[in-house]
Number of protein chains: 2
Amino acid sequence: MGIAERREREKQEMQDLILTTAAELFLEVGMEKTSIRTIAEKIEYSPATIYLYFKDKNELLYAIHQRAFQRFFQYFQTLPQLDDPMEKLQQLGHIYFKFAFDNPAFYDLMFILKAPMDSDQTEEHWEMGARSHDVLTDLVLECQQAGHFQNKDTQVLSHMIWATVHGIVSLKIRERMKMYPEALRDQMVYDSLEMFNSILESV
Amino acid sequence: MGIAERREREKQEMQDLILTTAAELFLEVGMEKTSIRTIAEKIEYSPATIYLYFKDKNELLYAIHQRAFQRFFQYFQTLPQLDDPMEKLQQLGHIYFKFAFDNPAFYDLMFILKAPMDSDQTEEHWEMGARSHDVLTDLVLECQQAGHFQNKDTQVLSHMIWATVHGIVSLKIRERMKMYPEALRDQMVYDSLEMFNSILESV
DNA sequence: TATCATAACTGAACAACGTTCAGTAAAAAA
DNA sequence: TTTTTTACTGAACGTTGTTCAGTTATGATA
């Protein structure tokens, strides 16, 4: 009775093909140019076929979103095992940067775009968000146990640190740095992170 | 020969009516639900009429964008004349917050949305952006002259401060705080700003 | 006042979008 | 071989931004 299993396998392969193609298009040409029709064209199926594997575009977007978070965690796992938690915290910032600028369309979807989600999607989605956020919070707590950030609420401090790094990233990704000469922009992005890091060091 | 002038006046009034209606819809129901057709319906004209006053939707968006910046500057002008530049800097953060949360759709358009702009629009647009950015840079420079932020590049520091405040605001506006209990979110937003302010104070 | 020219406006259409559904083709079960 | 189930698609619907030929209204001209 391997037929049902082959069927199931083929179904998942098709779903994966759609998903992978969509994610590729997403990273290549951006969100707004990735339509159901362009995805369908690229996999050489009718647009209607996609709806046999995903309820609607939101569900597809959400699936890409999950993949994006997976990659996000892969980046996080490259965080070296350092003794100094403060150094680790600063490294985490750089890894966050690398992910964002390597995969700007993913970053968009994860942290910038107004994501219209179903209520049942929201849970899983924010489990992902919470999990990555915990990495930061744990590290901040480590820093506090090592004597840094005394008398500061861990939660609030973590959020502020995230907000700062996200702020730097999203101003760059959404091109809100045009008041600076183009040649300086990239450097300013990294200098801002470095300055933030050095300020944190002195707290 | 007041006819030509009346014509001109009427033309500008019409343009203003479209613009004001569009901005209202924008703030009321958000960007994605503000279509040329809904604007046209609200002013009881045909959609085609709007194209007699604005080249395309981008130009209309850009005009709203300008209005948004005007309001932004109005908020800035409520900045009290304080002797301590650090206190002023912190007040500026709160004013920025107030503008953003009072006019989230404007904030979206100004600092979050991927704005597709013509090259000739870009100049004026970033003149606005640069002008508001200068307010911050000048203030940071004042702080430095008063002895704060020694050995820090004014440009980079200003950008980092902006990025932090923008980060806090945009994570809230784009609903990326769902890992925190809802009752805490608003408070966390303000606490994050306060914590950032207190950290700056100690630098 | 009647005619003409210009300006203001609109209905209908276009292409592209997400989405649905009746119908076809292929494969598995009977 | 027939029947049932599955996989897929073409065509359509309603929405979007946008264009344009054609209509209506208004000021200028005679």
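Convention: sequence-line order gives letters A, B, ...; per-chain numbering from 1.
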Let me know the distance between [atom1] of [X] and [atom2] of [N], rounded to the nearest Å.
X	N	atom1	atom2	answer
Met31(A)	dC17(C)	CE	C1'	12 Å
Lys11(B)	dA7(C)	NZ	C1'	9 Å
Lys33(A)	dT16(D)	NZ	C1'	17 Å
Ile36(A)	dT19(C)	CD1	P	6 Å
Tyr51(B)	dT19(D)	OH	C1'	9 Å
Glu32(B)	dG18(C)	CD	P	16 Å
Gln15(A)	dC8(D)	CD	P	12 Å
Asp56(B)	dT16(D)	CG	C1'	14 Å

Side chain of [X] only, heavy atoms from C-beta on: which candidate in [options] is closest?
X	options	answer
Arg7(A)	dT9(D), dC17(C), dA27(C)	dA27(C)
Leu52(A)	dT18(D), dC8(D), dT20(C)	dC8(D)
Arg37(B)	dT18(D), dT9(D), dT19(C)	dT18(D)

(request) Establish, for the pair Arg131(A) and Phe73(A), whether the NZ or CZ atom is under 6.0 angstrom from the six-membered ring centre and no further than 45 degrees off its axis. (result) yes
So, is [X] near the phosphate of [N], with a side-chain N or O under 4.0 Å from OP1 or OP2?
X	N	answer
Tyr53(B)	dC9(C)	yes
Ser46(A)	dC8(D)	no
Thr49(A)	dC8(D)	no
Arg6(A)	dA28(C)	yes
Tyr45(A)	dC8(D)	yes

(message) Aromatic contact between His65(A) and Phe106(A), with the criterion being ring centroids under 6.0 Å apart: yes or no?
(response) no
(message) Tell me if the aromatic rings of Tyr96(B) and Tyr107(B) count as close, with their centers under 6.0 Å from one another.
(response) yes
If only side-chain N and O atoms count, and only distance matters, is there a donor-acceptor pair under 3.5 Å linking [Y] with [X]?
X	Y	value
Gln90(B)	Glu201(B)	yes
Thr20(B)	Arg67(B)	yes
Glu194(B)	His94(B)	yes

(message) Go nucleotide by nucleotide along DNA chain C from the 5' end; which of Thr38(A) and Ile50(B) gets its closest nucleotide reached first?
(response) Ile50(B)
(request) Describe, as an angle rounded to 10 degrees, how the axis at the first end of the helix from dT1(C)-dA30(D) to dA30(C)-dT1(D) is tilted relative to the axis at the last end, five pairs per end. (result) 30°
(message) Pair Lys42(B), Glu28(B) - check salt bridge (Lys or Arg N to Asp or Glu O under 4.0 Å), show working.
(response) CA-CA 13 Å; Lys42(B) 197 167 181 183; Glu28(B) 279 167 26; 3.6 Å; yes
